[in-house]
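We use all heavy atoms of the structure for the numbers below, so side chains are in, but hydrogens, waters and symmetry mates are not.
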Amino acid sequence: MALLATGTAAGQVISFALMPVITRLYSSADYGVFGVFTALVTILGSVVGLKFEAAILLPPRTRRGAKTVYGLFRLSIVCSTVVSSALFVVALILHFFFGGAFFATLGGWLLLVPVSALISGISLTLSAVATRDGSYRQLSRVPVSQKLSSGGLQILGGLAGAGVLGLIMGAVTQSLVAIGILLRGRGQFVKDALDRFQPKDKLTKLVSEYRDFPLVGAPNSLLETMAWNSQVVILAWFYAANDLGLFSFALAAVGLPLNVILSGVSRVYLRESAARKENPAEARKLFFRLLIGLSLASVPVFIVLYLASRYLFGPIFGENWAVAGLIAQSLLPLLWARFMSTTVATTFTVYRTQTWLLWWQLLALLVVSAGYIIGGTIGFSIEHTVALASWMTVPLYLLLIPLAYYVLRRGGREPYVAVPES
């Protein structure tokens with residue numbers, strides 16, 4: 001966790017150092033379009049592989065388990081390609097027949113969303129393989145390389161007057177860089193996984209064995225990412241492009257860095273929790289150590305975020321972005337609740353009780369959406385609407401902690417049937 005957090009922290013330092021330059025090269029309206037694009041890519045990219053990549057960490061570390069990993073990797077890549085292709089057809093229809101409606105916000109950029117989602121899905125699959133391998137040093141290099149390449153490309157695009165294109169190309173580059181790094185040393189694995197002949201009946205059996213991932217895990221992930229990323233889409237109905245851009249920037253400045261940190265911690269916890277699944281005492285010990293660590297880490301992290309949001313947004317990013325600091329403050333309660341609960345929520349995946357999380361995600365999406373709709377309808381300023389939705393959703397995120405512990409103590413259900421080694 002420390003190794004991944006160090007790489008993530010270095011990446012965020014680079015990102016923060018480049019932000020004052022980037023904000024002076026792009027308008028808040030550019031960020032508004034970019035925010036909608038990024039939200040759609042994040043939502044769709046999380047499920048194009050139908051969550052088979054999440055199952056890669058679960059098979060036992062035996063010869064049979066290794067064969068299962070090959071099959072899950074292949075399923076994830078194939079599903080990502082098929083689903084993204086279907087999304088591209090949908091994007092074409094929406095762009096040419098309904099482009100004058102809400103999708104006018106994106107214009108032709110809508111056609112890049114499925115392509116970016118495919119790249120993101122491949123990146124997630126390779127990241128799961130690297131996590132299973134315990135290649136934390138390699139994973140720790142990803143954030144630094146991503147931020148350098150993305151930020152550099154966005155600055156070049158801004159200097160060239162590329163507008164939204166510069167922002168989008170920088171974002172797409174992040175997933176491409178991750179794929180390039182994670183492929184190193186795994187060329188033979190990828191070749192074997194994609195080329196190795198697997199009878200149709202074995203793949204069908206594999207799909208059946210892990211059917212809860214596409215049937216429950218994928219909707220779960222979709223609802224989770226929608227609960228967070230659909231915010232900018234909902235706000236687009238009530239607020240102008242400039243307000244939308246300020247919100248998108250505030251979310252990127254204080255929200256996404258925390259999400260990246262939690263992504264690294266969650267990958268480690270998922271792997272270690274799965275390894276301790278047969279030892280309930282050790283699993284509970286890991287759970288409480290994680291909560292204590294997150295609690296201690298949250299104090300300095302959120303003090304810094306509060307002070308930075310209150311006093312530094314204008315001087316650092318330009319006075320045009322000062323209101324984004326107020327919006328960032330409004331987001332902090334929800335960000336803290338997510339910081340404390342997101343990682344422990346992976347317990348539902350380990351114990352194959354994703355249905356519980358699915359219902360919770362649906363409730364969270366409804367509550368956060370209601371907050372934004374109420375605030376927008378009443379006519380609140382965007383920062384007050386964000387604060388309303390934030391405080392409405394905090395109790396739901398904290399509820400995940402006792403629910404996850406209950407599942408851990410209960411033991412979930414056993415996903416594997418003992419089969420003699422062949």
- Message: Check this for me: Arg24, atom CZ, are more than 12 non-hydrogen atoms of other residues, nucleotides or ligands nearer than 6.0 Å?
- Response: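 Counting neighbours around CZ of Arg24, more than 12 heavy atoms of other residues, nucleotides or ligands fall under 6.0 Å, so yes.
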
- List the steps and the verdict of ring-ring contact (aromatic ring centres under 6.0 Å, His included) for Phe302 and Phe339. CA-CA 10 Å; Phe302 280 87; Phe339 186 84; 5.7 Å; yes

Indicate yes or no: at least one non-hydrogen side-chain atom of [X] is less than 4.5 angstrom from one of [Y].
X      : Y      : value
Val190 : Leu126 : yes
Val113 : Leu87  : no
Asp243 : Leu235 : no
Leu400 : Phe348 : yes
Ile14  : Val144 : yes
Leu94  : Leu110 : yes
Leu182 : Val142 : yes
Gln361 : Pro219 : no

Return yes if some donor-acceptor pair links the side-chain N/O of [X] with the main-chain N/O of [Y] below 3.5 Å, else return no.
X      : Y      : result
Ser127 : Ser123 : no
Thr23  : Phe317 : yes
Ser390 : Ser330 : yes
Thr38  : Gly35  : no
Trp336 : Val394 : no
Thr225 : Ser221 : yes

- Partner set under salt bridge (charged side-chain N to carboxylate O under 4.0 Å, His left out) for Arg276, not counting sequence neighbours: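 Testing Arg276 for salt bridge (charged side-chain N to carboxylate O under 4.0 Å, His left out), a comparison that skips the adjacent residues, returns Glu272.
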
- Task: With sequence neighbours left out, write down each residue that passes salt bridge (charged side-chain N to carboxylate O under 4.0 Å, His left out) with Arg186, or none if nothing qualifies.
- Result: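 Arg186 satisfies salt bridge (charged side-chain N to carboxylate O under 4.0 Å, His left out) with Asp133 once adjacent residues are dropped.
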
- Query: Can you list the residues that meet the side-chain hydrogen bond (donor to acceptor under 3.5 Å, both in side chains) rule with Asp30, with sequence neighbours excluded?
  - Reply: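 With neighbours one apart ignored, the set is Ser27.
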
- Residues two or more places apart in sequence or in another chain: which of them pass side-chain hydrogen bond (donor to acceptor under 3.5 Å, both in side chains) with Thr347?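 With sequence neighbours excluded, Thr347 shows a side-chain hydrogen bond (donor to acceptor under 3.5 Å, both in side chains) to Tyr269, given in chain and number order.
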
Can you sort out the partners of [X] under ring-ring contact (aromatic ring centres under 6.0 Å, His included), two or more places apart, ordered by chain and number?
X      : answer
Trp321 : Tyr31, Phe249
Phe238 : none
Phe189 : Tyr70, Phe73

Contact summary for [X] and [Y], nearest pair of heavy atoms:
X      : Y      : answer
Pro114 : Ser84  : CB-O, 3.6 Å
Ser248 : Val232 : OG-CG2, 3.4 Å
Ser295 : Met340 : OG-CE, 3.2 Å
Ile181 : Arg141 : CD1-O, 4.0 Å
Ala328 : Val254 : CB-CG2, 3.8 Å
Val344 : Ser341 : CG2-O, 3.1 Å

- Message: Consider side-chain contact (heavy atoms from CB on, under 4.5 Å). Of Leu388, Leu334, Leu363, which one does Thr393 pass it with?
- Response: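 So, applying the side-chain contact (heavy atoms from CB on, under 4.5 Å) to Thr393 and each of Leu388, Leu334, Leu363, only Leu334 qualifies.
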
Considering only distance and modelled atom types, tabulate donor-acceptor pairs under 3.5 Å from the side chains of residues 75-82, sequence neighbours left out.
{"unit_1": "Ser76", "atom_1": "OG", "unit_2": "Thr125", "atom_2": "OG1", "d": "2.7"}
{"unit_1": "Ser80", "atom_1": "OG", "unit_2": "Ser76", "atom_2": "O", "d": "2.8"}
{"unit_1": "Thr81", "atom_1": "OG1", "unit_2": "Ile77", "atom_2": "O", "d": "3.0"}

How long is the straight-line distance from [atom2] of [Y] back to [atom1] of [X], given to the nearest 0.5 Å?
X      : Y      : atom1 : atom2 : value
Arg74  : Asp192 : CZ    : CG    : 11.5 Å
Phe247 : Ser28  : CZ    : OG    : 14.5 Å
Gln146 : Leu176 : CD    : CG    : 10.0 Å
Leu403 : Leu357 : CG    : CG    : 9.5 Å
Thr68  : Ile56  : OG1   : CD1   : 11.0 Å
Ser273 : Arg284 : OG    : CZ    : 12.0 Å

- Sequence neighbours excluded - ring pair (Phe, Tyr, Trp, His ring centres under 6.0 Å) pairs with any residue from residues 276-297: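 Ring pair (Phe, Tyr, Trp, His ring centres under 6.0 Å) check on residues 276-297 returns Phe287-Tyr405, Phe288-Tyr405.
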
- Message: Ring-plane angle category for Tyr210 and Phe213, please: parallel below 30°, perpendicular beyond 60°, tilted otherwise.
- Response: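 The rings of Tyr210 and Phe213 sit tilted, inter-plane angle from 30° to 60°.
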
Please set out all donor-acceptor pairs under 3.5 angstrom arising from side-chain atoms of residues 364-383, sequence neighbours excluded.
{"unit_1": "Ser369", "atom_1": "OG", "unit_2": "Leu365", "atom_2": "O", "d": "2.7"}
{"unit_1": "Tyr372", "atom_1": "OH", "unit_2": "Gln231", "atom_2": "OE1", "d": "2.2"}
{"unit_1": "Thr377", "atom_1": "OG1", "unit_2": "Ile373", "atom_2": "O", "d": "2.6"}
{"unit_1": "Ser381", "atom_1": "OG", "unit_2": "His384", "atom_2": "ND1", "d": "2.9"}

- Under the side-chain contact (heavy atoms from CB on, under 4.5 Å) criterion, do Lys147 and Leu18 qualify, and how do the steps go? CA-CA 9 Å; Lys147 297 304 179 183; Leu18 296 178; over 6 Å; no

- Criterion side-chain contact (heavy atoms from CB on, under 4.5 Å) on Val386 and Leu331, from CA distance to verdict: CA-CA 7 Å; Val386 171; Leu331 283 167; 3.6 Å; yes

Output side-chain donor-acceptor pairs under 3.5 Å for residues 166-174, partner residues at least two apart or in another chain, one line each.
{"unit_1": "Thr173", "atom_1": "OG1", "unit_2": "Met169", "atom_2": "O", "d": "2.7"}

- Query: Can we say Arg211 and Glu209 salt-bridge, meaning some charged N sits less than 4.0 Å from an Asp/Glu carboxylate O?
  - Reply: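 Not counted as a salt bridge, because no side-chain N and carboxylate O are separated by less than 4.0 Å.
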
- Please report the C-alpha distance between Leu72 and Phe52 in whole Å, then the side-chain angles of each, then the deciding distance to 0.1 Å, and finally whether the side-chain contact (heavy atoms from CB on, under 4.5 Å) criterion is met. CA-CA 6 Å; Leu72 290 171; Phe52 282 115; 4.1 Å; yes

- Kindly state each residue pair satisfying side chain to side chain donor-acceptor pair (under 3.5 Å) with at least one member in residues 113-122, sequence neighbours excluded.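 For residues 113-122: none.
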
